[in-house]
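Here's the structure we're looking at; comments come further down.
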Amino acid sequence: MPSRRTRITPQSSHGQLAAALTALREEFGVPEGFPAAALAEARSAAPPEPAIDLRDLPFVTLDPVGSRDLDQAFHLERTARAATRAAARGFTLHYAIADVPGFVAPGGALDAEARTRGQTLYLPDGAVPLHPPVLSEGRASLLPDADRSAYVWTVALDSDGSVVDARVERALIRSRAQLDYPSAQAAIDLGAAAGPLALLPEVGGCGSRRSMRAAARASTSRRRRSSGTSTATASNGARRCRSRNGTPSSRSSPA
């Protein structure tokens, strides 16, 4: 059979694709833009001031190149002080989610529009956001060097990466850097990663080490059970031999 050849499609084909995607948007009622009331609310709303201040933690974000809707940030460190000995040899993970709900008043214009949309749609020709970009890519986004309200999970991990303790609280944070996947991976591969990024390979390897130890324990348990079964079988065989040779077994009654 002749081999297939890859061909670059002419510009007219791209035009046809764009027209087809536009038709799909129209067929399924994909919204374009936001109502004026929702935009006004997104520009003026503000979340309540959090009672907890975690701006001393150097959070970073990690997203595709060029992202602006930064809704997650993290900080990872070795545990300095812990209540248990297991946790003292592990790590502490702080995982932050942008406090978008703090900007959305129940029953307001933003709330109504978000309920209509349901979720952010990612299409071949672009994304259709759940919230106005002025909010999702600006005022609520965890951009570097900006104070932001967030929900923060603090998770204590032991040396195997197992969760020892966890809590969640609303806090004020400040991201220090906006990282992207390609540069972060390159830094890790070169051994040049710094800060929380440097610990990711170590924490990620905890699961593998834990699985290996679990497999070793299971193997040891199987060997012990196998050894116990062999011993019992040999003992029963010896009793049967003694009985056949005329030696009273434990079940024989006295003459």
Within-4.5 Å side-chain heavy-atom neighbours: [X] and [Y]:
X      : Y      : value
Pro144 : Thr61  : no
Phe74  : Val60  : yes
His75  : Pro58  : yes
Pro35  : Glu113 : yes
Ile173 : Leu142 : yes
Pro31  : Thr116 : no
Glu137 : Leu143 : no
Leu197 : Ile188 : yes

Between [X] and [Y], does at least one N-O distance fall below 4.0 Å, as a salt bridge requires?
X      : Y      : value
Arg43  : Glu41  : no
Arg174 : Asp145 : no
Arg25  : Asp125 : yes

Are [X] and [Y] connected, step by step, through hydrophobic side chains (Ile, Leu, Val, Met, Phe, Trp, Tyr) whose heavy atoms are closer than 4.5 Å?
X      : Y      : answer
Tyr181 : Phe59  : no
Leu130 : Tyr122 : no
Leu135 : Tyr151 : no
Leu54  : Leu93  : no
Leu17  : Phe28  : yes

Distance check, rounded to the nearest 0.5 Å: [X] atom [atom1] versus [Y] atom [atom2]?
X     : Y      : atom1 : atom2 : value
Asp71 : His131 : CG    : NE2   : 11.0 Å
Glu77 : Thr79  : CD    : OG1   : 7.0 Å
Glu49 : Asp147 : CD    : CG    : 8.5 Å

Side-chain ([X]) to main-chain ([Y]) donor-acceptor, under 3.5 angstrom:
X      : Y      : result
Arg139 : Ala42  : yes
Arg148 : Leu172 : no
Asp63  : Ser67  : no
Ser162 : Asp158 : no
Ser141 : Leu70  : yes

Does the side chain of His94 come under 3.5 Å of the side chain of Thr154 through a donor N or O and an acceptor N or O?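 Side chains of His94 and Thr154: pair found under 3.5 Å.
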Testing the basics here: between [X] and [Y], what is the closest heavy-atom pair and its distance to 0.1 Å?
X      : Y      : result
Asp180 : Pro64  : CB-C, 4.3 Å
Ala198 : Ala193 : CB-O, 3.4 Å
Ser175 : Ala177 : OG-O, 3.3 Å

Stepwise side chain to side chain contact (heavy atoms under 4.5 Å, CB included) check, Val128 with Leu123: CA-CA 8 Å; Val128 181; Leu123 306 173; 4.0 Å; yes
Quick one, Val164 with Leu157, criterion side chain to side chain contact (heavy atoms under 4.5 Å, CB included). Give me CA distance, side-chain angles, the key distance, then yes/no. CA-CA 5 Å; Val164 176; Leu157 306 172; over 6 Å; no
Please table the atom pairs, donor to acceptor, closer than 3.5 Å between any side-chain atom in residues 95-106 and protein atoms at least two apart or in another chain.
unit_1	atom_1	unit_2	atom_2	d
Tyr95	OH	Gln72	OE1	2.2
Asp99	OD1	Gly102	N	3.1
Asp99	OD2	Ser149	OG	2.7
Asp99	OD2	Arg170	NE	3.0
Asp99	OD2	Arg170	NH2	3.1

Please walk me through it: do Leu200 and Leu76 pass side chain to side chain contact (heavy atoms under 4.5 Å, CB included)? CA-CA 8 Å; Leu200 280 181; Leu76 184 62; 4.1 Å; yes
Go through it in stages, so that I can follow the logic: the residues are Val168 and Val152, the test is side chain to side chain contact (heavy atoms under 4.5 Å, CB included), and I'd like the CA-CA distance, side-chain angles, deciding distance and then a yes or no. CA-CA 5 Å; Val168 62; Val152 180; over 6 Å; no
Within 45° of the six-membered ring axis of Phe34 and under 6.0 Å from that ring's centre, is NZ or CZ of Arg117 located there?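 Verdict for Phe34: a cation-pi partner in Arg117.
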